[in-house]
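Lettering of chains follows the sequences in order, A, B, ..., and the numbering in each one begins at 1. Just so it is clear, the values below take in all heavy atoms, side chains as well, and ignore hydrogens, waters and symmetry mates.
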Amino acid sequence: MSSVSTASAVLKTAAWHRSRRWILLWLSLGLIVLLTVSLLLGRYPRTGLISWERLNQDELAYRLVFNLRLPRLLTALALGMSLSAGGLVFQMLFGNPLVEPGFLGVSQGAAFGAALCIVFFSGSAVLVQGSAAAFALIGLGLSYLLARRIRYGGWVLRLVLSGVAVSALFSAGVGILKYVADPMSQLPEITFWLLGGLSGITWTKFLSILPAVVLGLVFLFLFRWRLNVLALNDETAFSLGAAPKRERLLLLVAAVLPAAAVISVTGMVGWVGLIMPQIARRIFGTDTRLSLPAAMLLGGIFAIVCDDLCRTLLAGEIPLGILTSLLGALVFVLLMISRVVKVER
Amino acid sequence: MKPALLSFRQVCFGYDQSALPILESLDFSLEEGRITAILGPNGAGKTTLLYLALGWLKAWQGEIRLSGKPIGSFGRRALGQQIALIPQSEHLPFEYTVLEYVLLGRAPYLPPLGMPEPADEMIAYEALEKAGIADLYNHSIMEISGGERQLVLLARALAQQPRLLLLDEPTAHLDLSNKFRLMRLIQELQQSGTSILLTTHEPEIALAISETTILMEKRGVLISGPTSEITTEENLSRIYHVPLRIISVEGRKQVIWI
């Protein structure tokens, strides 16, 4: 009798996994359709989809679509996937659903780097990106070193504390820079950077972040089941044959690098890394074997939709960070109060 | 002669290098297939000793051997296949299902990038059956009771198929019926060939299920040997600093204070 129920339980679990994999497949297909539609969607020549003939005849339309929209779309995809996957990894490793990949000094570090460059080197785009990336990594390094020097608390608490402290230092720095910035030219640029956006994306910028993004995401994807083990207490993870300290550090770096790379070209885009992982867990369950790929897909879709709205809704650009917060929070609230989407088995 | 399953020789350990060690010159060995209890008051270093046996903490001096080989010479996965741990409490932040959680016990048998296969799911489910909670396999670990959660941890350890199972205060938060159930399960596990090392601050637990007892007081082992010889009124009174009496009720020993 027991072997019968074993088999049926295993079959049921397998069926559930299959159904979720189908959803993942549909999400991937949806993403591809969305990418295609978004490529043709815009405000030239008028708001709506551009036609295929026009694309072939109109030199300007062709250049617009393939030199401006395509890298921008791909960057939006990278942004959504990196922040959301990084957020999920952080939330699992820290056992805390309220952290996101930038919180270890990365986001504020990048903001400081960008602001510094804008104020003192009235920077070209390349310089701002380089400075933001460098300070993002400096922020991460400082948080890590500080965590190692803190003499009490567990590994997680120490990292959280040092992340908070380093972020606060950098955000104070950003405050000072905003204060001394030229209010006519530099301050708007800083503010715009802090709100995040994809309007300045070129192929060069996209290609410069591509290696870090691809490497990090592939690594995280391969480690997706292992992440469950590393989310456990130190001793428990150790007893299950893991080397918790080393493996967690590896995963953290793999989660931060894509996020830092993306932030360096897009500025601060809030809420993606915080909310998308929660939605993924809600639909796919906690097991990161499913929820990590789900977070990547959902994050990518969400970022592309937001960016589409940013560039088509008004004649001018809406900063991306505003829309991600607005939509993200709305979706999140709806999800929390609805009873429809729940991990029911 | 076959080497002992686990042996401590002159082991010395502390958390703070600048302070005095917490455990000094620990000397004892576990035989294969036995239930051994580490009995002592709160703060005597029972958990520390358990984590030394797990290989998680490294001894300052002395040697810990598993099947005759230094414990540090085992690879991470190899050691995970030998020793399982049930910690006293485990922080569970997210809503795993019971089966997903128990499946984590298969980690030492999988390569770092591996995923559990249907065979692993079978083993996990059978572990749930052994623990008597198979009907909960689909429930969230956040929704079940504390006693059931302890059984989930036991099932995860079973899925790990260890030679030596370490339990840290396994009965600390359990009511009487769950306590009884857990002790039964531990005894069944021993009969199927697993060696067991558990810590407890309750002498009754040691008296009820262990064949060997290690009595601890501050800074180390007081004495170790067969449970019936070691757990005397005199020894227990000495480690707990309370006058204790052992009485026998229907052939079973009970400790009372006076």
Side-chain angles (χ1 to χ4, degrees), chain A residues 1-3 5-14 16-17 88 91-98 151 154 156 219 221-244 246-247 250 277-278 281-282 285-291 342-345, chain B residues 47 50-51 54-57 75-87 89-97 99-101 103-116 118-119 121-122 124-126 128-129 134-135 137-142 153 156-157 160 162 166 168:
Chain A
M1 182 232 144
S2 87
S3 67
S5 68
T6 308
S8 92
V10 170
L11 279 180
K12 254 190 182 167
T13 313
W16 191 85
H17 271 267
L88 186 80
Q91 291 174 9
M92 296 306 290
L93 291 186
F94 288 90
N96 182 341
L98 295 177
R151 281 277 150 258
V156 167
F219 187 87
F221 183 77
L222 292 175
F223 258 82
R224 65 192 184 281
W225 188 74
R226 188 76 165 176
L227 183 56
N228 288 314
V229 176
L230 297 168
L232 300 170
N233 296 353
D234 278 351
E235 310 85 53
T236 312
F238 181 87
S239 79
L240 290 171
R246 197 175 61 217
E247 289 181 43
L250 217 62
Q278 318 249 12
R281 270 203 304 274
R282 237 176 121 114
T286 301
D287 188 346
T288 46
R289 196 170 8 159
L290 286 170
S291 61
K342 212 193 158 213
V343 190
E344 297 259 27
R345 298 197 186 176
Chain B
T47 302
L50 209 62
Y51 286 172
L54 180 66
W56 168 243
L57 300 176
R76 289 298 318 111
R77 272 170 66 203
L79 197 60
Q81 293 171 10
Q82 300 277 324
I83 305 181
L85 168 75
I86 299 182
S89 64
E90 195 159 295
H91 175 58
L92 310 170
F94 295 110
E95 298 214 17
Y96 284 100
T97 68
L99 187 64
E100 280 167 357
Y101 207 66
L103 204 50
L104 299 181
R106 299 304 296 162
Y109 297 91
L110 301 169
L113 301 182
M115 309 275 158
E121 273 175 23
M122 282 293 214
Y125 191 82
E126 279 160 16
L128 280 174
E129 277 184 335
D135 50 330
Y137 80 99
N138 238 347
H139 288 236
S140 153
I141 48 168
M142 313 287 265
L153 296 187
R156 187 183 65 199
Q160 211 176 331
L166 309 176
D168 195 7

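The pair B:R76-A:E247 does not count as a salt bridge, with every side-chain nitrogen at least 4.0 angstrom from each carboxylate oxygen.
Between chain B and the residues A:A237, A:A242, A:A231, A:P244, the largest count of heavy-atom pairs under 4.5 Å involves A:A242. Most heavy-atom pairs under 4.5 Å with chain A: of the set B:H91, B:R77, B:E90, B:Q82, this distinction falls to B:E90. Among the candidates B:Q81, B:R156, B:E126, B:R106, the residue making the largest number of heavy-atom pairs closer than 4.5 Å to chain A is B:R156. Among B:P162, B:G80, B:P108, B:A84, the residue with the largest count of heavy-atom pairs under 4.5 Å with chain A is B:P108.
For A:N228, the parts lying near chain B are the backbone and the side chain together; criterion is any non-hydrogen pair under 4.5 Å. Heavy-atom distances place no part of B:L153 under 4.5 Å from chain A, backbone and side chain included. If you measure heavy-atom distances from B:Q160 to chain A, the contacts under 4.5 Å come from the side chain alone. If you measure heavy-atom distances from B:I83 to chain A, the contacts under 4.5 Å come from the backbone alone. For A:P97, the parts sitting under 4.5 Å from any heavy atom of chain B are the backbone and the side chain alike. Neither the backbone nor the side chain of B:T47 comes within contact range of chain A, judged by heavy atoms closer than 4.5 Å. Looking at A:N96, the atoms closer than 4.5 Å to chain B (heavy atoms on both sides) all sit in the backbone: N, CA, C or O.
Nearest heavy atom pair, residue A:T286 against residue A:S291, reads O-OG, 3.2 Å. Nearest approach of A:V229 to B:A107, heavy atoms of both residues: CG2-CB, 3.8 Å. A:L240 and B:L104 get closest at one heavy-atom pair: CD2-O, 3.7 Å. Smallest separation of non-hydrogen atoms from B:Y51 and B:P87: OH-CB, 4.4 Å.
Ring pair B:Y96/B:Y101 is tilted by interplanar angle, where 30° to 60° counts as tilted.
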Exercise for the section: Could you please spell out the steps behind the side chain to side chain donor-acceptor pair (under 3.5 Å) verdict for B:E121 and A:T13? Expected result: CA-CA 9 Å; B:E121 273 175 23; A:T13 313; 4.9 Å; no
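Atom CZ of A:R289 sits about 8.0 Å away from atom CD of B:E100, to the nearest 0.5 Å.
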